[in-house]
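The structure appears right after this line, and notes come after that.
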Amino acid sequence: MRKEFYDMRVRFFGVFIVILGLFFIVAPFQKFTVSMLEGYSGNPMIEKFLPGAMLNRLKEWNFYINSQWYGKNFGQMVGIIGIIMGFPLFAREFENGTITFLLVRKPRRWIYFTKFTTAAIATVLLMVLGALLPLVYSIVVGKEYVVSVVPKFMVHNIFGALLWYAVSAFFSVLFNEQVKPLLASLGLLALTTTAGLLKPLRYLNTFSYQLGISVFEKGKVDVGYTFGVIVIISLFVVAGYFVFECKEV
């Protein structure tokens, strides 16, 4: 497991730096954002997508940081971060030929679950850190913040990322080159998002889940969708394991 953490350190810290940088593009500029939008308040196109009531709500710190962070910037990155953490997991070993060395030392079950679990822990840690940023920043700058929403958004962030991490890891087992699982995962993300625009297939659009729409609208975690995500994650984990067990080296 120590080797796995060492191998993914560049990805982990690279993604974390991007998350941190994105947050500080959003958080300190509430007044600037509101004043800029107020300058376009007479524009009918702006009024259509951003009515005056919504603009007034952006002046409230809680609504601003939650909508711009969880409901926009960080929320939109959740699935992509999961894919980034999962796509090279096994494909890199096959591509570099190091899988043979690993199989000599350890059984396939140990290799699969150690690699999968280690990267999953790193993915969860990134989601926790990203979800905690609004709270930490609010404390540091002395802004009043409703803490109760943080764990609710965090649940959506974690399982949204783990879903696409599991998908990406499965493709990583399936293919012997790192580019293919990345493209396959991104393609599936685009396909499900597009299909989810149709009302009967809206459940396929995972962005609605990872953005925490139910937290905004109902103030609570979408338990049913979360359970469904856990089931799908489990199916991909099991499928990936059987493919790895049967795959020729």
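- One distance of note links CD1 of Ile158 with CG of Leu126; it measures 11.0 Å at 0.5 Å rounding.
- The side chain to side chain donor-acceptor pair (under 3.5 Å) pairs that include a residue from residues 171-187 are Glu95-Gln178, Asn176-Lys247, where partners are two or more places apart or lie in different chains.
- A ring-ring contact (aromatic ring centres under 6.0 Å, His included) with Phe170 holds for exactly one of Phe244, Trp164, Phe236, Phe87; it is Phe236.
- A donor-acceptor distance shorter than 3.5 angstrom exists from the side chain of Asn157 to the backbone of Gln210, with no hydrogens or angles considered.
- A side-chain N or O of Thr226 and one of Tyr209 form a donor-acceptor pair less than 3.5 Å apart.
- A single hydrophobic cluster is not seen to contain both Leu189 and Val179; linkage of ILVMFWY side chains at heavy-atom distances under 4.5 Å, directly or through other members, places them apart.
- Looking only at side-chain heavy atoms (C-beta outward), Ile19 and Val15 come within less than 4.5 Å of each other.
- Leu188 is listed as a side-chain neighbour of Val167, based on a closest heavy-atom distance under 4.5 Å.
- The side chain to side chain donor-acceptor pair (under 3.5 Å) pairs that include a residue from residues 66-82 are Asn66-Tyr145, where partners are two or more places apart or lie in different chains.
- Residues Leu132 and Met154 meet the side-chain proximity criterion, which asks for heavy atoms closer than 4.5 Å.
- There is a path of hydrophobic side-chain contacts, each under 4.5 Å, that joins Val147 to Val155.
- Note: Leu201 CG to Thr192 OG1 = 10.5 Å, rounded to the nearest 0.5 Å.
- Taking the six-membered ring for Trp and the full ring otherwise, Phe90 and Tyr112 have centroids separated by under 6.0 Å.
- Rounding to the nearest 0.5 Å gives a distance of 6.5 Å between CZ of Phe159 and CD1 of Ile233.
- Cluster membership for Leu191 and Leu183, using ILVMFWY side-chain heavy atoms within less than 4.5 angstrom, is not shared.
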*Would Tyr165 and Leu89 satisfy side-chain contact (heavy atoms from CB on, under 4.5 Å), going step by step from the backbone distance to the final call?*
CA-CA 10 Å; Tyr165 164 75; Leu89 203 59; 3.3 Å; yes
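- Note: Glu93 CD to Leu103 CG = 9.5 Å, rounded to the nearest 0.5 Å.
- Side-chain rings of Tyr241 and Phe113 approach one another, their centers coming within less than 6.0 Å.
- By the criterion of side-chain heavy atoms lying less than 4.5 angstrom apart, applied directly or through intervening Ile, Leu, Val, Met, Phe, Trp or Tyr residues, Phe227 is not grouped with Ile232; the two fall into different hydrophobic clusters.
- With Asn62 contributing its side chain and Val146 its backbone, the two residues share a donor-acceptor pair below 3.5 Å.
- Using modelled atom types, one side-chain atom of Ser234 and one backbone atom of Ile230 make a donor-acceptor pair closer than 3.5 Å.
- A donor-acceptor pair is defined here as one N or O able to donate and one able to accept, closer than 3.5 Å; no such pair exists between the side chain of His156 and the backbone of Ser214.
- With rounding to the nearest 0.5 Å, the separation of CZ in Phe207 from CG in Leu197 is 11.0 Å.
- In this structure, CD1 on Ile65 lies 8.0 Å from CD on Gln30, to the nearest 0.5 angstrom.
- Counting heavy atoms from C-beta outward, Met127 and Phe74 have side chains that approach closer than 4.5 Å.
- No donor-acceptor pair under 3.5 Å is formed between the side chain of Thr117 and the backbone N or O of Thr114.
- For Phe29 and Tyr64, the ring centers are positioned 6.0 Å apart or more.
- Follow the hydrophobic side-chain contacts under 4.5 Å out from Phe13 and you reach Leu125 in the same cluster.
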